[in-house]
Amino acid sequence: MSQQISAVPAIELRGVTKRFGSVVANRNVNLTVHKGEILSILGENGSGKTTLMNMISGIYFPDEGEIFINGEPAVIASPKDAFDYKIGMIHQHFKLVDVFSATENIVLGLGKAEKYDLKDAEERVVEISQRYGFEVDPKKKIYTMAVSEKQTVEIIKVLYRGADILILDEPTAVLTPQETQKLFAVLRRMREDGKSIIIITHKLHEVLSLSDRVAVLRKGEYIGTVETAKTNESELTEMMVGKKISLNIERSEPKDPQVRLEVHHVDCTNRQGTLVLDDVSFSVNSGEILGIAGIAGSGQRELLEVIAGLQKTDSGAVLYHNPKTGNVDLLQGKTPLQIRELGVRLSFVPEDRLGMGLVGNMDITDNMMLRSYRKGKSAFLERKAPKNLAEQIIEELEVVTPGTTTPVRRLSGGNVQKVLVGREIAASPTVLMAAYPVRGLDINSSYTIYNLLNQQKEQGVAVIFVGEDLDVLLELCDRILVIGGGKVTGVVDGRTATKEQVGLLMTKSEGGEQA
Amino acid sequence: MNELLVFICGFIAVAIKQGTPLLFGSTGEILTEKSGNLNLGIPGIMYMGGVSGVIGAFFYEKAVGAGELNPVWGVLIPLIAALIGAALLALVYSFLTITLRANQNVTGLALTTFGVGIGDFFGGSLAQLFGEGGSLSVKRSSTLFRSTLPFAEDWGAIGELFFSYGFLVYLAVVLALVAAFILRRTRIGLNLRAVGENPATADAAGINVTRYKYAATVVGGAIAGLGGLYYIMDYAYGTWSDGSFGDRGWLAIALVIFALWKPKVGILGSFLFGALYVLPAYIHYGENRMVQYFVMMLPYVVTIVVLVITSMRKKREHQPPESLGLPYFREER
């Protein structure tokens, strides 16, 4: 593990701070990376890992602090500057042209000084591949490649340009365990070759098996750097999640809880052919809030979509205990519309907020009608009821808007979310699923949403709350289901569980092979 | 037998002449679409190229008066006028769609209407404005455009098949070959294709997306404008008549799809479309015009069939550029 480390670090950050408006994404970060070293950057979602790396790769410019490269102060104002300093970043979302071959993508955008000769370039690609042990066909078209191959092309692209410092943003998120092993082998070979590698991740076992040192960020703060050999999972988890913060969200005892929804051994494969839900089983009770915790992309979205009937399952069953009839219904085989009629409501707040659920260019009334227009009896639209509902939501949830005729897209994020949640609640659901309902909201708006969810709980609704912030989950939810890599890694009691406990469960994805 | 051969050679020659405006149009549109711009203004731009060329020729002929036309100027002036006229309209399109990010389809359709209107306005009124009756006619310049190699007539059917054309026909083929070469074999071509496929990636790779889009659209428009020039100066003997250009502009756009965005395929496709276009004239339909109209429909039917087949085969190389029709703007950071 221990390489000959030269005295001058390849990169050194001193007191780097980056703000977006009033939000501090990185505060006073100090970091060093040596030649021939793999450094992990560990942190939860939103802890500022990617922002920090974007400053090194020239996408953002730090507000304060200095960056030194090989001991010299450096100004990295654009990705091109980063190239000139031999820094290459492999983003989570690949920047590749699908109909081009691997080589065409690799040479794309190279300077005019370089002669355009694909044959020559192909040979160099093969040479680089052999040196580090990649497997790639330089002539293969990107759209026929698997995700891991695309990632390989991205890495070769950076190496082809002569990068000495490689930054990988969650490279293993899209890989299978075997592919991860291969990638790690390649990264180790690069380390032996004297390259510096920074890898962003939140998987603890990867950190421990791959890196020489670990730098931990938490909510934009730099917590510290430790040597991998001298640390362990629980110490890292504690650094990552920190001490519990009290939020004073009120939480009543569940009244008369009865099983409302049962999920039995559900498997689900997404369009890319990866298993996103792996033998998931749990139940949801009426009058309680079930929290779902997990690293982003662990299958939360698919889980909710399976319940709402938007996603097909490979196997398993979702059972609904209908309080009106007392029957137990199988939800699979029902259309999303039928499931909604049963009272199972999904209020999904995607990253772009408007993507699912609301139509940005339509006003609040029209958005109410998206759920109710089928109830109309005549050929003409019945606008009165939806308009009343819109006015009621505006009043009760304190939506800040000039009126019911303002297009939803003109409202601020928090108000959009209130409209979305308000509409789903207005249908008096029996199961309410809210995914990231407070994402991007300020504290007051967040509390309005928490109160709404609590009201629903008190009325006997089974609430499923997918959240990002562990502090909120621990204060709001009665039970917390933790998923990691599409599997249920544990169910804990929201009143007694600790943050470390949930954090460990979140990062405990299966197949934690010690590569 | 010999007669049949002569007839076939003659028919092919007519098809090639008919297909040449389409070839200019499709080569220009392929370049444009490779940058991600779906320019539906091509029919208007070709019209504009035609009328600009005629206007150039008209003024040159007026300046020379009764004297002999200088063959170099007689060709260059209409040619340059056509290039400029077409490029200007393409520049308007580029400004609206690239800089102002207007909807490409709406802009293109508006420019087609505009180009046709401008063409008919000047083509129909210029002669009258200068106190000459009838249509705008530049027969003397047209002879220059129509002049063939001297030995064309001596070589019989072969001469007719290969050498009986004005220089613009050969230029159309050469431009298509050059476009194919640039797209496949040069860095500029690679960059241009990247811009049309995935402008965000091209941008990240340091390619100036806006510059490429402008250049491809304006150059493509200018090339398409030569199609209009060829039609008026060569095919129509230099006489303008409103609306005679017909639906050739739309056929050129259909040809782009037919050719699967490959200029070389466009050459063969243009001759095929040309053949289908003139076929009705060779059919003796008597009283029943149904057959004639059916044959006139064929180029479009063929295009639809090609679309259906390529969509079913799902080969990505045969699909339109991925970001065709979409405006690009870098996300704010």
Side-chain angles (χ1 to χ4, degrees), chain A residues 18 20-21 25 50-51 54-55 57-61 77-84 88-91 93-121 139-145 150 153-154 157-158 160-161 351-352, chain B residues 30 33-36 103 178 180-213 215-216 257 259-262 265 310-311 313-324 326 328-333:
Chain A
K18 177 74 192 171
F20 295 105
T50 304
T51 307
N54 279 343
M55 278 190 280
S57 63
I59 291 172
Y60 298 138
F61 194 75
S78 72
K80 207 193 147 293
D81 289 354
F83 271 150
D84 293 342
M89 180 152 172
I90 290 104
H91 294 269
H93 303 284
F94 304 139
K95 293 195 182 298
L96 296 171
V97 179
D98 278 349
V99 297
F100 282 13
S101 70
T103 311
E104 283 177 316
N105 267 293
I106 289 165
V107 300
L108 183 68
L110 279 180
K112 289 195 183 72
E114 188 118 355
K115 199 169 150 256
Y116 184 68
D117 183 348
L118 277 184
K119 279 232 174 65
D120 196 47
K139 286 200 173 77
K140 195 168 176 184
K141 292 272 159 66
I142 299 296
Y143 71 90
T144 61
M145 288 184 174
K150 292 183 193 174
V153 173
E154 283 280 14
K157 194 159 104 182
V158 168
Y160 193 96
R161 285 159 171 72
E351 273 147 57
D352 58 354
Chain B
I30 287 172
E33 292 196 10
K34 281 290 178 185
S35 78
N103 180 296
V178 169
F181 179 81
I182 288 178
L183 284 176
R184 282 250 64 99
R185 300 255 172 256
T186 67
R187 185 174 294 284
I188 292 174
L190 184 76
N191 291 354
L192 178 62
R193 283 186 289 138
V195 167
E197 291 289 340
N198 192 337
T201 295
D203 197 11
I207 296 164
N208 188 332
V209 173
T210 306
R211 194 192 294 166
Y212 267 88
K213 275 181 171 262
I257 300 166
L260 306 172
W261 291 266
K262 293 177 173 62
V265 183
T310 52
S311 309
R313 283 183 62 203
K314 288 198 175 124
K315 204 159 176 232
R316 287 285 292 278
E317 287 92 335
H318 295 164
Q319 297 298 316
E322 206 175 311
S323 72
L324 183 63
L326 307 173
Y328 174 68
F329 48 103
R330 199 186 285 193
E331 276 167 53
E332 295 304 321
R333 285 173 178 150

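Order of the sequence lines fixes the chain letters, A, B, ..., with proteins taken first and strands second; residue numbering starts at 1 for each chain.
- The two atoms that bring R187(B) and L110(A) nearest to each other are NH1-O, 3.5 Å, heavy atoms only.
- Contact of I207(B) with chain A is made through the side chain alone, with heavy-atom distances under 4.5 Å.
- Annotation: the span from Y143(A) atom OH to E197(B) atom CD amounts to 10.5 Å, rounded to 0.5 Å.
- Of all the heavy atoms in N191(B) and G109(A), the pair that sits closest is OD1-N, 4.0 Å.
- Shown here is I188(B), whose CD1 atom has no more than 12 heavy atoms of other residues, nucleotides or ligands within 6.0 Å.
- Considering only heavy atoms from C-beta on, E104(A) comes within 4.5 Å of L190(B) through its side chain.
- For L96(A), the part sitting under 4.5 Å from any heavy atom of chain B is the backbone (N, CA, C, O) and nothing else.
- Here the side chains of R193(B) and V97(A) are not in contact, with every heavy-atom distance at 4.5 Å or above.
- Counting heavy atoms of neighbouring residues, nucleotides and ligands inside a 6.0 Å radius, atom NZ of K140(A) exceeds 12 of them.
- Under the rule for a side-chain hydrogen bond (donor to acceptor under 3.5 Å, both in side chains), the partners of T201(B) that lie at least two apart in sequence or sit in another chain are N198(B).
- With sequence neighbours excluded, no residue satisfies salt bridge (Lys or Arg N to Asp or Glu O under 4.0 Å) with R185(B).
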